[in-house]
Amino acid sequence: MDALATVCDAIAQTNSRLKKVRVAAEYLRGLEEADFLLAVRFLIASPIADTERQLSVGHAKLREAVMRVLPWDEETVRLCFREVGDAGEAIGLLLEGHTRGDALSLAEAALWFQRLHAARTANAKVDLLEKIFLTYKPRTLLYFIKVITGDLRIGFQARQVEEAIAAAVDVPHAMVREAANRSGDLARVAAAARRGELEQVGASLFHPMDFMLAKPLEQEGAIENPAQWVVEDKYDGIRCQLHVGNGRIAIYTRGLDEVSGSYPEIVAALRAVPHSLIVDGELLAWRDDRALNFTLLQQRLARKTVSAQLLDEVPVAFVAYDLLYANGTLWLDRAVEDRRAELQRVWGGLGMPLLLAPQEGLGDLDAQFEAARTRGNEGLILKRAGSVYEAGRRSGAWVKVKRALATLDVVVTAAEQGTGRRAVWLSDYTFAVRDGERYANVGKAYSGLTDDEVRELTRVFRGLTTERFGRVSLVQPSVVLEVAFDGIQKSPRHKSGFALRFPRIVRWRRDKAPEQADDIARVKELYEASLQ
Amino acid sequence: MRVDHQAEGIHLPDIDLWLDAREPVGANWISHAHSDHARGVHRCTYGTPPTLALYRMRVDVPEDARLCALAYGDSVLHGEAKLTAMPAAHIVGAAQLLVEWRGERLVYTGDIKLQRPLCGVETRPVPCDQLIIESTFGLPVYRFLSCEQARERMVAFARECLADGATPAFLGYPLGRGQEVVYALRQAGVPVQVHGAIARYLPVYEEQGWQMGGWEPYEAKAGKGRALVVVPGMRAYLEASGRNVRVAYVSGWAALSNARTRAGAEFLIPYSDHAGFDELLALVRATGAREVDVVHGYTEAFARILRAEGIAARGITHATRQAQD
């Protein structure tokens, strides 16, 4: 773990993607198999092998434990956390001179993560952390904690870890990437790569894999040969992957988080399904044969328990539209027509709340789009005949047809540093509409501008910064952006009470002053209209 | 000795002496030549010879202004009080001031560091009863490299960039850091181009014995195969120029990785002309002061840490100053 910390420091100290990969690959190449696998796991900030389980070690426990080791008062320690902006880094820096400085091997680190996971009570976890904090080198502990908090923040994404694995074992990056997409389990892929068994890595139950994504029609241009496409409605719900089998059921979101507990009616219905399956589809609030507004579905998000009343008020359905695995057979690499036929066979006719997305041939695109909107859906998804399921890719074999609900001129009130390539820029913008004399936030967007524009805006926002909180700078309301979006929902997060769905920046309105931005009344008007 | 913290600066009313006054006053001590410390024209100004020379370069001082130079270790009588200048290592000429009056000893550190600087005279804690100290980096997350480690990192980064065909650019403030970086790189034989705002003060450093030898002035066109030492404002311009520039940030703030975004740099070298937390604490302890005023930076937090050690410490904030006015 000490060597891994040094490697992470070196990765952080360069912007060159090639250099980052080279440093990591050189390190990985020199490791025995067991250490190799652990190092990969820690590089993707995964403390324990079982990805479904969590350590349940949050900032509060970390701070409590570090307080026991340090001589300073809580206010000072809190101030340090705030100035540093990252729990792992703050703890690593604070512990300098307060630990024994023993060496920590990767295997021992893994063991500590296991123990932290196994400890039942909060107190037991804090006791363990205290012991850990007293023992090892502060720079190593800095990364040990970052693995727990789930982000190393060294500008090294999963894709680059794949590249490093590929370089370390001398196989083409594409092979590692494809295996990772299929299995959704980089640690397993690393093991297979090391043993030369990458081709054999397949999807497996309860390892959620990346979702296949669609390209927007605007990027694809016109659809050339309509006969080669099939069409489904594009639903405005929560994209999910169902895993069913071995007496277990799991629902994973795009973030690969498990959310089964929030949807007991879906889980209950799935128990009656006599197959083992991995199915791609959408969770929707559903009543009287149609999807309800996303705002209603929101009430069901992130709940640990769901009341009978809520189940009654906001019933949900799962609309399946693709099949990845069924009864021991992998369907990923089969043509869309074959996947559809098998999906129909194993899933068709199950009835509420387990539905099957209707599919038809491509005809009059505009008419089909309007029909989908009339059914309460967002637009269309086109799937190219003969195409396979490309996990984690946006290849153009799927095309989405959406049309923006409207655009708004908004004012930027805060700018946050981006990640990866954009880490040195203020590239994520929180924006607001006018509300009397004040500005009320309605959303956050980071896509749509060119690198040159982002670079220029970064300079502008540095000059407008009024206050800083770690990665976020509050800025004087001055810059006006035009944003397009697909919907409006109620939101407790923003002061305005509303949030735009899928906002993206259309252009920087250099010609407009903040006084000319849209106001809250316009947002309310659009919201009311969208409920119709 | 009474100490008043006022909007215009720190005032010692018993001997009517100001410390780093921000407005024109009677008698004033300038700890060093940074513009937040050396400003305004006063009836009588004390400072070390390099500080007064820099002060003249930066502030329009009339010919008849009374400047009283006090070299390190030298003393002068100011009314009943004896003033002695001691090294502070912060930038060239930076000094602590020891005030001895009716058997009491007060020390004002100005900006200070305890570790040996790349260019500068080493500091020693000055025993006293009362201490006025800065706390720019007065939180226990700020710890810095020694000057040898910092030099190694600067030179290694510059050489690696040059070997890759890239241009290393070091960001530094015009007075202090910039000259230290030039000195470290030139000592190792790395060719450098220096921005005018920094180059302007190189002769003052050379006069004090740190020979820079063979630097070139910064030019927008040329510069291939050279390391650049420029002011922070140049970064965006250099990046926009389309050159393959890689930016290093040499600063105390570089101790935290969020400095990458704040400074827009990829390579961080946590080296400062201020004391890190451990140095500050060691300095206070070594002076033996029982009363401490903390005047800049994390004043409240650092004062609280001192109070926990049984020292009567005050964190001086804007609010305290207003209350005393």
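The basis for the numbers below is simple: all heavy atoms, side chains too, and nothing from hydrogens, waters or symmetry mates. Below, chain A is the first sequence line, B the second, and so on; all start at residue 1. Note that the structure is predicted; figures quoted are calculated from it, not measured.
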Tell me, side chain or backbone of [X] under 4.5 Å from chain B's heavy atoms, or both, or neither?
| X | answer |
| --- | --- |
| A/N15 | both |
| A/S473 | neither |
| A/R153 | neither |
| A/Q13 | both |
| A/A90 | backbone |
| A/E83 | both |

CZ of A/R468: more than 12 outside heavy atoms within 6.0 angstrom? yes

Should the heavy atoms of other residues, nucleotides or ligands under 6.0 Å from CD of A/E75 be counted, would the total exceed 12? no

Is there side-chain contact between [X] and [Y], with at least one heavy-atom pair below 4.5 Å?
| X | Y | answer |
| --- | --- | --- |
| B/H90 | B/K113 | no |
| B/L162 | B/V190 | yes |
| A/K137 | A/D102 | no |
| A/V147 | A/L152 | yes |
| A/Y136 | A/D2 | no |

Max heavy-atom pair count under 4.5 Å with chain B, selected residue of A/R459, A/E456, A/R462: A/R462

About how many Å separate CG of A/L464 and OG1 of A/T413, when rounded to the nearest 0.5 Å? 12.0 Å

Filtered by a 4.5 Å non-hydrogen cutoff, the part of residues 141-151 of chain B contacting chain A is B/V141, B/Y142, B/R143

Report the option among B/S257, B/A301, B/A263 that has the most heavy-atom pairs separated by less than 4.5 Å from atoms of chain A. B/S257

Which of the residues B/R260, B/R304, B/E300 is involved in the greatest number of heavy-atom pairs with chain A at under 4.5 angstrom? B/R304

Check each atom of [X] against the heavy atoms of chain A and say whether the ones under 4.5 Å are side chain, backbone, both or neither.
| X | value |
| --- | --- |
| B/I305 | side chain |
| B/D278 | neither |
| B/A248 | neither |
| B/R153 | side chain |
| B/F302 | neither |

Are any of the side-chain nitrogens in [X] or [Y] under 4.0 Å away from the carboxylate oxygens of its partner?
| X | Y | value |
| --- | --- | --- |
| A/R159 | A/E162 | yes |
| A/K19 | B/E160 | yes |
| B/D164 | B/R246 | yes |

Check step by step if ring pair (Phe, Tyr, Trp, His ring centres under 6.0 Å) holds for B/F277 and A/W72. CA-CA 13 Å; B/F277 176 81; A/W72 303 299; 5.4 Å; yes

Please work out whether the ring planes of B/F170 and B/F157 are parallel, tilted or perpendicular, with thresholds of 30° and 60°. perpendicular

